[in-house]
Amino acid sequence: MELIVKKRIKQVLKGDQNAFGEIVELYKDKVFHVCYRMLGNRHEAEDISQEAFIRAYTNIHTFDIDRKFSTWLYRIATNLCIDRIRKKKPDYFLDAEVAGTEGLTMYSQIQTDEPLPEEEVESMELQSSIQKEISLLPDKYRTVIVLKYIEELSLKEISEILDLPLGTVKTRIHRGREALRKQLRTL
Amino acid sequence: MNTCPEEIVHLMHEYLDEELSYEKEKELKQHLQSCEACRTHFQELKRTIAFVQSTSHIAAPSGFTQNVMSRLPKEKKKAGMQRWFHNNPFFAAAAVFLILMGGSLLTAWNSDDKFAFTNNDNVVVEGHTVVVPEGEVVKGDMVVRNGDLRVEGQVDGDVTVINGERYLAGAGSITGQIEEVDQAFEWLWYNIKSAFNELGDMFESDDNNE
């Protein structure tokens, strides 16, 4: 697969846009999935994963052809996800009362958690609560947990994707696991 | 709840990362057998991982690739041409052939198509018809290319009409030989045409194969 991708990248570098289409086709599910687990929302995940591919295209000349393309692509995607998470970090709390109402919290203002038809596959309660718990993790733990356990990447690859020392990745995975353990204990 | 040393939890994580040496693993297992709290902790961790891994893989929405492609900056025209030629090597060769052949044939035709005739002070030109007026005498041979010749007067010499018609008026006379090379040209023309027809058929069959 890497070989095909490298060939396609060379074509993209020559200006062939269709070759990039094939790259998107190869990686779209993986990238979308990472983004979905990071952001916990289909709409945002689609937005960010598309953005990731577009960034990959416009910066393709900075990609070192001797390295693994997926690592580079994941790096773009996770960085965009983290940016998005930090930007939307709420400066209000869902438990806060809506001004001018009595007993009505911000929970009443948000979109229902009812699954959309296309999310029916995921309608199992367990699945959505796991996703919810993952979303509750601080983003630095969330990233490593998603990459490690959902994308099943090696620690070394994760450290390359996140541009962090291996030791830091390990520590974050340990802490992330502990945090999730505490959250999921009730399940 | 957990009074065991931090070290044990650390070992658990190393174990989960599959980075625990054999001796350390034995140490961990021994401890887990003797300590219920740590055993629970360890099981919870393993359960957590199982939970996270149980999340189903979800595919990107339909039309994802098209959306990405439509949002990409426009590619250079050159690349499109290159890709087209790369995908259709036969057409690339054919295009080169046609350009070269077409060029040379066109120049040949162009020179052939010109209306030309042997200049003589005594002739009159009406459109593409060279007229030797009544009472005039043309001395020497006459060649008319791609035009007609009407002789009302007299020509003292041979007359050659290429791709044209020759009219001899009642009063006109030609002393030398009269030659019309129309047929030769027609024959040549027919050959060129049939050659091109064959070429055309080849293109068409190639189109159908595409």
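Numbers restart at 1 for each chain; the letters A, B, ... are given by sequence-line order, proteins then strands. Please read these numbers as outputs of a predicted model, since none were measured by experiment. Any value given below was found using the heavy atoms of this structure, including those in side chains, with hydrogens, waters and symmetry copies removed.
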Mutual orientation of the aromatic rings belonging to W72(A) and F69(A) [parallel < 30°, tilted 30-60°, perpendicular > 60°]: tilted
Ion pair check, E51(A) and R71(B), cut-off under 4.0 Å: yes
Check: Y57(A)/Q17(A) side-chain N/O donor and acceptor closer than 3.5 Å: yes
K68(A) and E160(A) ion-paired at < 4.0 Å: no
Toward chain B, the part of T58(A) with a non-hydrogen atom under 4.5 Å: side chain
Under 4.5 Å from any heavy atom of chain B - which part of E22(A): neither
Contacting region of Q11(A) [heavy-atom separation from chain B under 4.5 Å]: neither
V52(B) to I145(A) - nearest heavy-atom pair and separation: CG1-CG2, 4.2 Å
I54(A) versus chain B, the contacting section by heavy-atom distance below 4.5 Å: both
Under 4.5 Å from a heavy atom of chain B, the part of K148(A) involved: side chain
Presence of salt bridge, E14(B) and K24(B), under 4.0 angstrom: no
Contact origin within E19(B) toward chain A - heavy atom pairs under 4.5 Å: side chain
Contacting region of I150(A) [heavy-atom separation from chain B under 4.5 Å]: both
